Structures are given as structure tokens and as C-alpha cells.
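Order of listing sets the numbers, starting from 1, for every ligand and every atom in it. Computed from a predicted model, the values in this text were never measured in an experiment.
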Amino acid sequence: MQPPLIVILNGPNLNLLGTRQPHLYGSATLDDVEALCVDTAEEFGLAVDFRQTNAEGELVTWVQECRGRARGIIINPAGYTTTSIALLDALLASDLPVIEVHITNIHRREEFRQHSYVSKAATGVIAGLGVEGYALAMRAMAGIIAEGRA
Ligand code: DHK
């Protein structure tokens, strides 16, 4: 039997991790985050498809493609968190458990970062725990799938 597939989506500017404002986002690169997710997937018997794009439409298309293919979505929507109703609609239509991850604690930052459309589709939200938040999201997703809840 195939391991359950978790799609991990990363929004704009996350390709710059490691060099982008390291005092906020840390020194790990996006490749490091992918390696962390692959390791965590192995630990929990999951498969991962890890992607990043700077384009809102591409993110929406990737969420749509999760329907019937993936068992859960972990998403750091980055700058589209606070703006994208299209992304929210795609996540709602996916009918999949969604975990929203932010590397920084958006609630401690500028007010404009503190509202999330994506949260309206999320089973849970992890913010402020650095890139370790991705591993925690994988662990939580494994539990959600095992228990059949969303
Ligand atoms: C990443 C971004 O790129 C910002 O636009 C968000 C988020 C915060 C993060 O903490 O991972 O405001």
C-alpha cells in the first residue's frame, strides 16, 4: 500500500529562506526545510510532495490538484496569507485537512500580518516555532490521518 501523501506548499519569497532576514526567518534554507519534512515523513510513514512558488495562481492550481491525490495539505502561504481569497476557496474546496504554518509568530509582528484568510480553512495553525513548525505540522497531520479526523 502507498503511504498517505502530504502536499507541503510554500508561498512567495520562501525560496529565499536562509538569506532572507535571518534574524526573523533563521538560517535554514528551503532545501533544509524539505529535508526536514522528508525525514519527518519517513518517521510517520507518510510521503511528501514539497513545493514553492511565488505565483498565487500556481498555488491555487496546486491546491486544486490535491483533490483525490493527497491526504492532507501543509501550507505556508507567506505573503498570500493576508490577501488571497482564491487560495482560501481552493483549500475549502479540497475537503482535506489543512495545517497552516508560519515560521515567525505573525501575531507579534506588524498588524497587517495578523489576519489570515487561510486560517478559515485550517484544522490548525503553527506560528513562531521556526522551521521546526513544519515537522510539528507533519506530526499533527499523521495524527489527524490516523484518527480519520479533519
Ligand atoms: C512568511 C512570510 O513571507 C510573510 O509574508 C508572513 C511568514 C510570515 C512566516 O512567518 O513564515 O507574514
Enquirer: If you apply the rule side chain to side chain donor-acceptor pair (under 3.5 Å), what do you find for E100 with S116, and how did you get there?
Expert: CA-CA 10 Å; E100 178 182 351; S116 169; 2.8 Å; yes
Enquirer: Determine the sole option in N10, L59, I8 for which the side-chain contact (heavy atoms from CB on, under 4.5 Å) test with Q52 is passed.
Expert: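 The option that passes is N10.
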Enquirer: Do any N or O atoms from the side chain of D32 and from the backbone of T29 form a donor-acceptor pair under 3.5 angstrom?
Expert: yes
Enquirer: Kindly print each ligand 1 N/O atom paired with any protein N/O atom under 3.5 angstrom away, one pair per line, or none if nothing qualifies.
Expert:
unit_1, atom_1, unit_2, atom_2, d
ligand 1, 3 (O), R20, NH1, 3.0
ligand 1, 3 (O), R20, NH2, 2.8
ligand 1, 5 (O), G79, N, 3.3
ligand 1, 5 (O), R113, NH1, 3.4
ligand 1, 10 (O), I103, N, 3.1
ligand 1, 10 (O), T104, N, 2.8
ligand 1, 10 (O), T104, OG1, 2.6
ligand 1, 11 (O), N76, ND2, 2.9
ligand 1, 11 (O), I103, N, 2.8
ligand 1, 12 (O), R113, NH1, 3.0

Enquirer: In sequence, state the C-alpha distance, the side-chain angles, and the governing distance for I103 and Y134, and then conclude on side chain to side chain contact (heavy atoms under 4.5 Å, CB included).
Expert: CA-CA 8 Å; I103 295 165; Y134 287 80; 4.1 Å; yes
Enquirer: Hey, what else clusters with V125 if you join Ile, Leu, Val, Met, Phe, Trp, Tyr whenever side-chain heavy atoms sit under 4.5 Å?
Expert: none
Enquirer: Give a yes or no on whether the ring-centroid distance for Y25 and H23 is below 6.0 angstrom.
Expert: no
